[in-house]
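One structure is given below, encoded as structure tokens.
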Amino acid sequence: MSELLEKMAESLIAGKVDEVTELTKQALDANISSKDILEKGLLAGMEVVGKRFKANDMFIPEVLRCAKCMHGAMEILRPLLAESGVETAGTFVIGTVKGDLHDIGKNLVGMMFEGAGFKVIDLGIDLDPAAFVDAIKQHKASLFGMSALLTTTMPKMAETINAINEAGIRDQIKIMIGGAPVTAEFAKEIGADAYASNAASAVDKGKELLGL
Ligand code: B1M
């Protein structure tokens, strides 16, 4: 199993979209769990990509190919991760804040919630506070999550929480935030209910917030 997942991580780092998709199918055929494929194959590769990008050892077009690999594999894994969910635990609205186009982590968080039995309304990226407020109201969500990957877009999280307060719906919704530059201290500072450092702990925190 580890050989196949190592190869998957290497292919993702090399930006081989078709190969990553093919290896994902092969791994499933070999009865490797979708969770292991995600964590030990895809995320392991993405971690290396992040480090290389930071060290200027990889550049945006290459990183975009890696993101495409991740998206391709996620298309296959999403329904399988969701299958493990038993019943709708609640409605979770999630999106990436205004000015921020990063969506890989946010997508993973959404997928994990689907897997935990939530109805997930993924609004996408680059969302202004009003779009979040409208979706929370429209879908009668019990849990709301924001993702930000840039230090420059983190203040948009505070703006969104202010908009939720102003809309008079703050007491109807639990709010969780996350993303690489976000911290628990920041969450507290802006009045979010919780912070999670990764997709798996996000689900635990979300359930905890809802008393599930
Ligand atoms: Co961007 N980028 N990027 N980028 N990019 C970072 C974030 C950066 C840290 C790279 C670096 O310089 N070291 C840096 C930010 C620096 C900063 O602000 N401190 C950066 C920059 C500067 C930029 C641009 C400005 C580059 C430029 O144009 N000069 C630009 C900004 C565009 C914009 O958004 N307006 C940009 C663009 C891009 C790409 C488009 C090329 C691509 C995004 C593709 C896509 O998402 N579709 C990209 C990528 C891929 C990255 C890195 C390499 C990887 C991000 C990622 O997907 N990680 C990233 C470097 C890094 O993070 N080390 C970087 C994997 C993902 C699984 O992790 O998103 O952290 P993450 O999600 C985790 C947790 O954070 C958590 O769970 C997830 C899974 O465990 N989590 C939550 C996330 N959201 C959560 C929400 C929750 C709870 C947990 O509750 C709701």
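When a ligand or atom number is given, it counts from 1 through the structure's own listing order.
For I125 against H102, the heavy-atom pair with the smallest separation is CG2-O, 4.0 Å.
Ligand 1 lies nowhere less than 4.0 angstrom from a heavy atom belonging to P181.
No part of V182 comes within 4.0 Å of ligand 1, judged by heavy-atom distances. Here M146 has backbone heavy atoms under 4.0 Å from ligand 1, and that is the only part of it that gets that close. Residue contacts with ligand 1 for L149 involve both N, CA, C or O and side-chain atoms from C-beta outward (heavy atoms, distance under 4.0 Å). Counting heavy atoms under 4.0 Å from ligand 1, residue S197 touches it through the backbone alone.
Between N198 and ligand 1, no pair of N/O atoms sits closer than 3.5 Å. Residue D103 has at least one nitrogen or oxygen atom sitting less than 3.5 Å from a nitrogen or oxygen atom of ligand 1, judged on distance alone. Note: no N/O pair closer than 3.5 Å links V49 and ligand 1 by distance alone. Looking at ligand 1, you'll find an N or O of H102 within less than 3.5 Å of one of its N or O atoms. In terms of polar-atom proximity, A67 is not counted as a contact of ligand 1, lacking any N or O under 3.5 Å from an N or O of the ligand.
Remark: aromatic rings of F132 and F144 are close, center separation under 6.0 Å.
At a threshold of 4.5 Å between side-chain heavy atoms, the hydrophobic network of Ile, Leu, Val, Met, Phe, Trp and Tyr places L149 and V97 in two separate groups.
Side chains of D18 and T21: a donor-acceptor N/O pair is absent below 3.5 angstrom, by distance only.
Taking the charged nitrogens against the carboxylate oxygens, D122 and K106 do have a contact shorter than 4.0 Å, which makes a salt bridge. A salt bridge links E159 with K156: at least one charged nitrogen is closer than 4.0 Å to a carboxylate oxygen. Electrostatic pairing of E39 and K35 counts as a salt bridge here, judged by a charged N lying under 4.0 Å from a carboxylate O.
Close contacts of ligand 1 with I177, meaning ligand atoms under 4.0 Å from a residue heavy atom, involve 87 (C), 90 (O). Less than 4.0 angstrom separates some heavy atom of D100 from each of these atoms of ligand 1: 34 (O). Taking every non-hydrogen atom of G145 and a distance limit under 4.0 Å, the qualifying atoms of ligand 1 come out as 91 (C). Annotation for ligand 1: atoms under 4.0 Å from non-hydrogen atoms of A196 are 88 (C), 89 (C). Under a 4.0 Å criterion applied to the non-hydrogen atoms of A180, ligand 1 contributes the atoms 70 (O), 75 (O). Against a heavy-atom cut-off of under 4.0 Å, M46 is close to the following atoms of ligand 1: 65 (C). For ligand 1, the atoms sitting less than 4.0 Å from at least one non-hydrogen atom of S147 are 83 (C), 84 (N), 85 (C), numbered in the order shown with element in parentheses. Contact atoms of ligand 1 toward L150: 15 (C), 18 (O), 20 (C), 21 (C), 23 (C), 31 (C), 33 (C), 34 (O), 35 (N) (distance under 4.0 Å to a heavy atom of the residue).
Note that CD1 of I32 and CG of L23 are 10.0 Å apart. Values are rounded to the nearest 0.5 Å. L143 contributes atom CG, which lies 9.0 Å from atom CG of D193 (distance to the nearest 0.5 angstrom). We find the CG-CG distance between D36 and L4 to be 11.5 Å, quoted to the nearest 0.5 Å.
Between T151, I104, L43, it is T151 that holds the heavy atom closest to atom 19 (N) of ligand 1.
Side-chain contact check for T24 versus M8: some heavy-atom pair is nearer than 4.5 Å. Side-chain contact between I13 and R52 is present, with heavy atoms from C-beta onward closer than 4.5 Å.
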